[in-house]
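A note on names: the letters A, B, ... follow the listed sequences, proteins ahead of strands, and every chain is numbered from 1. Not measured: the values here are computed from a predicted model. Values below: every heavy atom of this structure, side chains too, minus hydrogens, waters and symmetry copies.
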Amino acid sequence: MELGIDVRNVESCAVVDVKGEIDVYTAPKLREKLIELVSEGSYNVVVNLEGVDFLDSTGLGVLVGALKRVKAHDGSLALVCTQDKILKIFKITGLTKVFPIHDSIDEATAAASG
Amino acid sequence: MELGIDVRNVESCAVVDVKGEIDVYTAPKLREKLIELVSEGSYNVVVNLEGVDFLDSTGLGVLVGALKRVKAHDGSLALVCTQDKILKIFKITGLTKVFPIHDSIDEATAAASG
Amino acid sequence: MALVEIEVPSRTAYVGVVRLALSALARSAGLDEDVVDDLKIAVSEACANAVLANEDADGDVPVTVAWTETDDGIVVEVGDRGPIHDPRPDEEVDSQGFSTRSVLSFSLLSALAADCSRTPREGGGMSTQMSFPRPG
Amino acid sequence: MALVEIEVPSRTAYVGVVRLALSALARSAGLDEDVVDDLKIAVSEACANAVLANEDADGDVPVTVAWTETDDGIVVEVGDRGPIHDPRPDEEVDSQGFSTRSVLSFSLLSALAADCSRTPREGGGMSTQMSFPRPG
Ligand SMILES: Nc1ncnc2c1ncn2[C@@H]1O[C@H](COP(=O)(O)OP(=O)(O)O)[C@@H](O)[C@H]1O
Ligand SMILES: Nc1ncnc2c1ncn2[C@@H]1O[C@H](COP(=O)(O)OP(=O)(O)O)[C@@H](O)[C@H]1O
């Protein structure tokens, strides 16, 4: 099981495109990448979950950890997600109140820059 | 696990497009369809394996059974297959000598009509 | 009563293998696609918890998964050999008020399985039972 | 030495479940994609044969599959509880000279597994062992 992670800059944000399944085995790879980004000075991060088929509690934990790191630098962490089955996971765990969740990357980067 | 089977007429042949995995569980469905075709008077049959991801000995047996049925009516059974992993199965079992195997449906129907 | 049993090493890489095998079973049992999605998450959480629990066990013990089809639906049971503990963790939130992984895992499990219970196993460890409805 | 064990009912529908689970294992063990394809076929043949053998056994016995990773590669063992019989069937060809299913199955197994042997199991039935190489 492979987790694809690509980073690109859009407006003033680092957009992280994630592809595959984020679970207890693959989440550490995403965690490393997000830690690296923040340590390199990217404090406005957008994680694009449109290519994600599966997300578990460890993946959620990694996103929460990244949120804390960018907040420590007055930054932001936004998500892009329109898939019902992934949104459901954020709803059940109450994390829709913690993360701004957008329908598109444009919307997410505009909100972060605005 | 679903096996998709669609039949259409091309030239004077019945072309059977198979999609999915042909194994000990799904092969009986293909067998029924091929028996039905022959009993309805289709004696020139082309089985298109381009959409097949997996083929086992039971699937091979079903094709051999269909070959025998069309032969009993002086008909033909040809295969369309360009996938190495499927061709390999016919090679190992020596069935490349038993079935005409074509690169395209056009080639297969032309050979059957010629 | 169909029964499938799977035993995997207590390593996180195997959670995906169980998930894949059980989603194949769930589809061939005719569960609705959204129930299959729920089952994948609940089973993955239970297996991840079992792998983590077994890290605290003596020796290299496997995670066991049992799949049973009943008239009403599917029952999945995931067993570990870890020390017995309450499913609800002591630490529900961290210093900044965020839920801990185990709380998140527990909410997913309880929300996504039709029934979810945890009982001690004979011989040590815990067993998580989850059920999922058939359509109709 | 990682070990995965799977036990499924002796019905043809479960052969696909085992195939799917083992291809996930094979990929995560780093086997080359063409070895994964070979493994899928060989394991499916062994499981189909075991399901068919168990139809001749007393009672409702499962097919067991064991996955072991060694330094050189993977060993898969598929066990049934059917009556002991020679792997090579008595009837190799039918009246028109076509190979029977069991002959085809046996050729696929021997060609696609790096090693393939069949031995009687303690408690009855046969076990088919197959091995598959790691790259390098
Ligand atoms: N699944 C989770 N959901 C929400 N919060 C989580 C989850 N997992 C861990 N956390 C929180 O994240 C924190 C870990 O954050 P931190 O140590 O900053 O990040 P990391 O573990 O990524 O280095 C924990 O305190 C915990 O409360
Ligand atoms: N896997 C196979 N490969 C080749 N021939 C097979 C296989 N399985 C069965 N056969 C042959 O097909 C024949 C069965 O053919 P037949 O009874 O005409 O077809 P069916 O079983 O589809 O009704 C058997 O005699 C056997 O020799």
Side-chain angles (χ1 to χ4, degrees), chain A residues 1-4 18-32 34 38 49 52-77 79 81-101, chain C residues 8-23 32-55 63 78 80 87 89 91-113 116 128:
Chain A
M1 206 170 31
E2 292 296 313
L3 189 69
V18 189
K19 278 211 161 48
E21 303 195 323
I22 309 180
D23 79 349
V24 65
Y25 176 61
T26 62
K29 186 178 170 189
L30 178 60
R31 181 170 178 277
E32 294 313 306
L34 292 171
V38 175
L49 299 173
V52 170
D53 307 314
F54 184 84
L55 177 65
D56 77 350
S57 64
T58 310
L60 293 174
V62 163
L63 295 173
V64 170
L67 177 67
K68 293 200 246 175
R69 280 188 202 87
V70 296
K71 290 268 181 201
H73 296 276
D74 282 326
S76 65
L77 187 134
L79 307 176
C81 180
T82 60
Q83 296 185 79
D84 283 341
K85 71 172 175 187
I86 305 293
L87 288 171
K88 185 174 180 178
I89 298 164
F90 287 96
K91 279 180 202 145
I92 290 171
T93 51
L95 291 173
T96 42
K97 288 178 220 112
V98 171
F99 296 105
I101 302 182
Chain C
V8 295
S10 293
R11 284 190 242 125
T12 57
Y14 292 95
V15 173
V17 173
V18 173
R19 177 163 66 243
L20 201 68
L22 265 61
S23 38
D32 286 336
E33 202 53 30
D34 53 338
V35 178
V36 175
D37 284 335
D38 291 352
L39 181 146
K40 283 170 68 175
I41 299 168
V43 166
S44 300
E45 292 299 334
C47 286
N49 294 342
V51 167
L52 300 175
N54 278 350
E55 287 176 356
V63 170
V78 175
D80 63 55
E91 274 202 292
E92 301 216 356
V93 292
D94 67 10
S95 56
Q96 295 174 50
F98 290 112
S99 304
T100 57
R101 180 203 166 278
S102 45
V103 168
L104 294 173
S105 186
F106 190 73
S107 351
L108 288 172
L109 263 172
S110 353
L112 297 172
C116 180
T128 304

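Atom OG of residue A:Ser57 and atom CG of residue C:Asn49 lie 6.5 Å apart, to the nearest 0.5 angstrom. With rounding to the nearest 0.5 angstrom, the CG atom of C:Leu20 is 7.5 Å from the CD atom of A:Glu21. To the nearest 0.5 Å, the span separating CG on C:Leu108 from CG on A:Leu60 amounts to 6.5 Å. For the atom pair NZ (A:Lys68) and CG (C:Asp94), the distance works out to 3.5 Å, reported to the nearest 0.5 Å.
Closest approach of A:Ile92 and C:Ala111 over heavy atoms only: CG2-CB, 3.5 Å.
At a heavy-atom separation below 4.5 angstrom, chain A is approached by C:Lys40, C:Ile41, C:Ser44, C:Glu45, C:Ala48 within residues 39-48 of chain C.
With a 4.5 angstrom heavy-atom cutoff, A:Lys88 touches chain C only via side-chain atoms. Both the backbone and the side chain of A:Ile89 have a heavy atom closer than 4.5 Å to some heavy atom of chain C.
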Residue pair A:Leu95, C:Leu104: steps toward the side-chain contact (heavy atoms from CB on, under 4.5 Å) verdict:
CA-CA 10 Å; A:Leu95 291 173; C:Leu104 294 173; 4.3 Å; yes
Would C:Arg101 and A:Thr58 count as a side-chain contact (heavy atoms from CB on, under 4.5 Å) if you check the C-alpha gap in whole Å, the side-chain angles of each, and the deciding distance to 0.1 Å?
CA-CA 6 Å; C:Arg101 180 203 166 278; A:Thr58 310; 3.0 Å; yes
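For A:Lys29, the NZ atom sits in a packed shell: over 12 heavy atoms of surrounding residues, nucleotides or ligands are nearer than 6.0 Å.
With respect to C:Arg19 and A:Asp23, a salt bridge is recorded, a charged nitrogen being found less than 4.0 Å from a carboxylate O.
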